[in-house]
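Working notes, beginning with the structure itself.
In what follows, every chain begins at residue 1, and chains take the letters A, B, ... in the order their sequences are listed.
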Protein chains: 2
Amino acid sequence: MKEDAIKRRMTRQRRLILETLRSMRTHPTAEELFQVVRQQMPRISLGTVYRNLDVLCRSGLALKLESAVQQAHYDGDVGRHYHIRCVVCGKIEDVYPPEVSGISFPRIHNPSFRVMGWTLLFEGICPECAEEPEMAERN
Amino acid sequence: MKEDAIKRRMTRQRRLILETLRSMRTHPTAEELFQVVRQQMPRISLGTVYRNLDVLCRSGLALKLESAVQQAHYDGDVGRHYHIRCVVCGKIEDVYPPEVSGISFPRIHNPSFRVMGWTLLFEGICPECAEEPEMAERN
DNA sequence: GTGCTTGCAAAGCTTTTGCAGACCA
DNA sequence: TGGTCTGCAAAAGCTTTGCAAGCAC
């Protein structure tokens with residue numbers, strides 16, 4: 001049971017990354033966040049963004065959305081809410097509890113796992129992609 | 001609206017990949033499936049496994065579990081069921097409806113997206129990892 | 001015979017990591 | 001001052017793709 005318990009520091013980079021993530025409603029990828037952050041701090045590196053997102057997620061200040069198809073997306077809002085992903089363009093948007101019905105803390109009976117939580121992901125087609133059917137190549 | 005509608009062929013490779021995936025209960029990654037398949041077809045390549053998994057998923061014969069952290073996992077059972085992932089080792093197991101309560105086809109009201117479906121993923125710690133606390137490094 | 005599919009290898013992309021210098025507490 | 005953090009670049013890991021030959025229909 002190794003609990004190194006590293007003492008984290010709130011560096012300028014870490015603070016900027018967190019503030020920027022919180023200000024964005026788009027659930028950016030690390031790369032997208034990097035592009036925004038570097039406008040204010042040109043010499044920051046992508047590696048630093050990845051390292052800090054990892055730290056922020058471990059400490060509960062950000063959420064890593066693993067449900068993404070290619071790249072991971074991040075969310076600065078750690079309160080309970082859901083996501084819906086466009087299966088065509090991959091965009092992820094928020095869905096808040098008042099808009100959702102039919103779900104009430106699902107439970108597994110006699111689980112072999114120690115259940116810690118759950119995530120609900122909706123899938124659909126966003127308005128933009130619905131207007132451009134040729135993008136919806138399914139082959 | 002380009003609908004090329006390619007005529008797929010059921011090659012020996014494709015059939016073996018599908019049959020093997022269906023026979024496995026472990027939600028293998030492409031690499032793991034490759035290792036099993038090559039025991040019966042030594043010259044098959046990893047690229048072929050990836051290409052066929054893609055085709056099988058597009059045609060609805062297999063499921064790609066995007067919820068995976070690093071690699072994609074695949075499931076040959078396309079019927080409605082849920083998954084639970086061990087947050088320590090990444091293992092994915094099935095959870096079937098009779099074991100789950102509190103969920104009844106969640107709906108989004110007045111959605112801007114055209115909602116096509118949803119997935120529910122549980123997270124927890126599997127029995128093996130629960131016994132080895134030092135693996136649960138969280139820093 | 002047509003054209004989809006394969007094996008092989010190389011390339012592509014996202015993410016991680018080693019290192020020396022910089023910086024926070 | 002000590003130990004964490006950063007920028008840079010290289011490496012790692014997963015997945016895709018180009019090509020010529022092979023094979024299903």
Audit row: A:C126, A:C89, side chain to side chain contact (heavy atoms under 4.5 Å, CB included) steps and yes/no: CA-CA 8 Å; A:C126 73; A:C89 69; 3.9 Å; yes
Main-chain N/O of A:I44 paired with A:T48 side-chain donor or acceptor, under 3.5 Å: no
Nearest whole Å is fine: how far is D:dT15 C1' from B:L53 CG? 11 Å
Side chain of A:L46 only, heavy atoms from C-beta on: which candidate in C:dG7, D:dT15, C:dT15 is closest? C:dT15
Got a salt bridge between B:R25 and B:E93, using NZ or NE/NH1/NH2 to carboxylate O under 4.0 Å? no
As a test of reading the structure: which of D:dT15, D:dT4, D:dT6 is closest to the side chain of B:Q71, going by heavy atoms? D:dT15
Residue whose closest nucleotide on DNA chain D lies nearer the 5' end, B:E31 versus A:R43: A:R43
A correct 5'-to-3' footprint of nucleotides 19-25 of chain D, with B, S and - meaning base, sugar-phosphate only and no protein heavy atom under 4.0 Å, is ----BBS
Exam field: side chain A:Q35 to backbone A:E32, donor-acceptor pair closer than 3.5 Å: no
Using whole Å, what does the distance between atom C1' of nucleotide D:dC5 and atom CZ of A:R14 come to? 7 Å
The side chain of B:Y50 lies closest to which of these nucleotides: D:dG7, C:dT15, D:dT16? D:dT16
Considering the terminal five base pairs at each end of the helix from C:dG1-D:dC25 to C:dA25-D:dT1, what angle separates the two local helix axes, rounded to 10°? 50°
Starting from P on C:dT14, measure out to NE2 on A:H73 and report it in whole angstrom. 10 Å
Please state how far atom CD in A:E32 lies from atom P in C:dC13, giving the value in whole angstrom units. 15 Å
Take atom CZ of A:F34 and atom P of C:dC13, then tell me their distance rounded to the nearest Å. 16 Å
Using side chain to side chain contact (heavy atoms under 4.5 Å, CB included), reason through B:L33 and B:Y74 one step at a time and then give a plain yes or no. CA-CA 9 Å; B:L33 191 51; B:Y74 296 86; 5.5 Å; no
Which is true for A:N52 with a 4.0 Å heavy-atom rule: it touches a base, it touches only sugar-phosphate, or it touches nothing? sugar-phosphate
On DNA chain C, does the nearest nucleotide to B:I17 precede the nearest nucleotide to B:G47 from the 5' side, or the other way round? Give the residue. B:I17
Once the angle between the rings of A:H81 and A:Y96 is folded into 0 to 90°, is it parallel (under 30°), tilted (30 to 60°) or perpendicular (over 60°)? parallel
Whole Å only: how far is the CD1 atom of A:I44 from the C1' atom of C:dC23? 14 Å
Can you measure A:L16 atom CG to C:dC24 atom P for me and round it to whole angstrom units? 14 Å
Cationic tip of A:R85 above B:W118 ring, under 6.0 Å, 45° of axis: no
Figure out the CD/P separation between B:Q35 and D:dC14, and round it to whole Å. 12 Å
On the 0 to 90° scale, with breaks at 30° and 60°, tag the A:H83-A:H27 ring pair as parallel, tilted or perpendicular. perpendicular
Say whether, by atom type as modelled, one donor and one acceptor occur between the side chain of B:D54 and the main chain of B:Y50 under 3.5 angstrom. no
